[in-house]
Q: 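For reference, the structure I am asking about is given below.
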Amino acid sequence: MSRRQACAALLLALLCLAAPRPAHAATPDAVAYLHLVDGAAADLEATPPDVSAALGALAAARGLAPSPGLALGAVGADLSREPPDVGDALARLRAIAAVLTLPENA
């Protein structure tokens, strides 16, 4: 192997290492979890708010991810009050969704 070929091979290897890589796609459970959180928020934004549908979406999200689902406990507590604290629950859901926003094309 000539010196020129060795340099070309080294340059090609360095270019491959420095090339941008596509973002990894989110797991189906992560996408479903975020979809359920967004769906619960949409249920609460409806007129009138659909508290039972939002509670169902929260229960399904907890089923997908029990440990992160604990973050939804406060939302469930807000919605279980009499009368339900829809405003606080919606604020919490928006905050959770903002933290979990997936990258573009995920």
Side-chain angles (χ1 to χ4, degrees):
M1 177 183 268
S2 72
R3 186 178 193 129
R4 180 178 267 176
Q5 289 174 330
C7 288
L10 179 62
L11 180 61
L12 181 61
L14 290 173
L15 287 174
C16 289
L17 289 173
R21 293 178 182 88
H24 295 289
T27 64
D29 283 349
V31 173
Y33 184 88
L34 186 55
H35 181 69
L36 288 166
V37 168
D38 288 340
D43 292 334
L44 296 178
E45 290 171 337
T47 305
D50 192 348
V51 173
S52 63
L55 284 169
L58 295 176
R62 280 191 211 113
L64 282 175
S67 186
L70 295 175
L72 299 175
V75 179
D78 288 339
L79 295 177
S80 297
R81 293 187 181 140
E82 267 314 309
D85 190 349
V86 173
D88 194 35
L90 191 54
R92 290 177 195 269
L93 285 171
R94 286 179 181 153
I96 291 168
V99 169
L100 297 178
T101 298
L102 297 173
E104 193 174 314
N105 297 326

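These values consider heavy atoms only, across backbone and side chains, with no hydrogens, waters or symmetry-generated copies.
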Q: First locate atom CG of Leu34, then atom CD1 of Ile96, and finally report the distance between them rounded to the nearest 0.5 Å.
A: 10.5 Å
Q: Mind checking the CG-CG spacing from Asp78 to Asp85? Nearest 0.5 Å is all I need.
A: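 Answer rounded to 0.5 Å: 5.0 Å.
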Q: Between Ala41 and Leu90, what is the shortest heavy-atom contact and its length?
A: O-CD1, 3.5 Å
Q: List in chain and number order the residues that pass side chain to side chain donor-acceptor pair (under 3.5 Å) with Asp88, two or more places apart in sequence or in another chain; answer none if no residue qualifies.
A: Arg92
Q: Would you say the side chain of Thr47 lies within less than 4.5 Å of the side chain of Pro49, judging by non-hydrogen atoms?
A: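 No; the side chains remain at least 4.5 Å from each other.
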Q: I want to check something: taking the side chain as every heavy atom from C-beta on, are Leu93 and Leu72 in contact at a cut-off of under 4.5 Å?
A: yes
Q: Would Val75 and Val37 count as a side-chain contact (heavy atoms from CB on, under 4.5 Å) if you check the C-alpha gap in whole Å, the side-chain angles of each, and the deciding distance to 0.1 Å?
A: CA-CA 10 Å; Val75 179; Val37 168; over 6 Å; no
Q: Residues two or more places apart in sequence or in another chain: which of them pass side-chain contact (heavy atoms from CB on, under 4.5 Å) with Ala57?
A: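 Per chain and number, Ala57 pairs via side-chain contact (heavy atoms from CB on, under 4.5 Å) with Leu36, Ala40.
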Q: State, to 0.1 Å, how close Tyr33 and Leu64 come at their nearest heavy-atom pair, and which atoms those are.
A: N-CD1, 3.7 Å
Q: Could you tell me which non-hydrogen atom of Val51 sits nearest to which non-hydrogen atom of Leu79, and how far apart they are?
A: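 Result for this residue pair: CG1-O, 3.9 Å.
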Q: Once side chain to side chain donor-acceptor pair (under 3.5 Å) is applied, do any residues pair with Ser80, and if so which ones, sequence neighbours excluded?
A: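 Counting only residues at least two positions away or on another chain, Ser80 forms no side chain to side chain donor-acceptor pair (under 3.5 Å).
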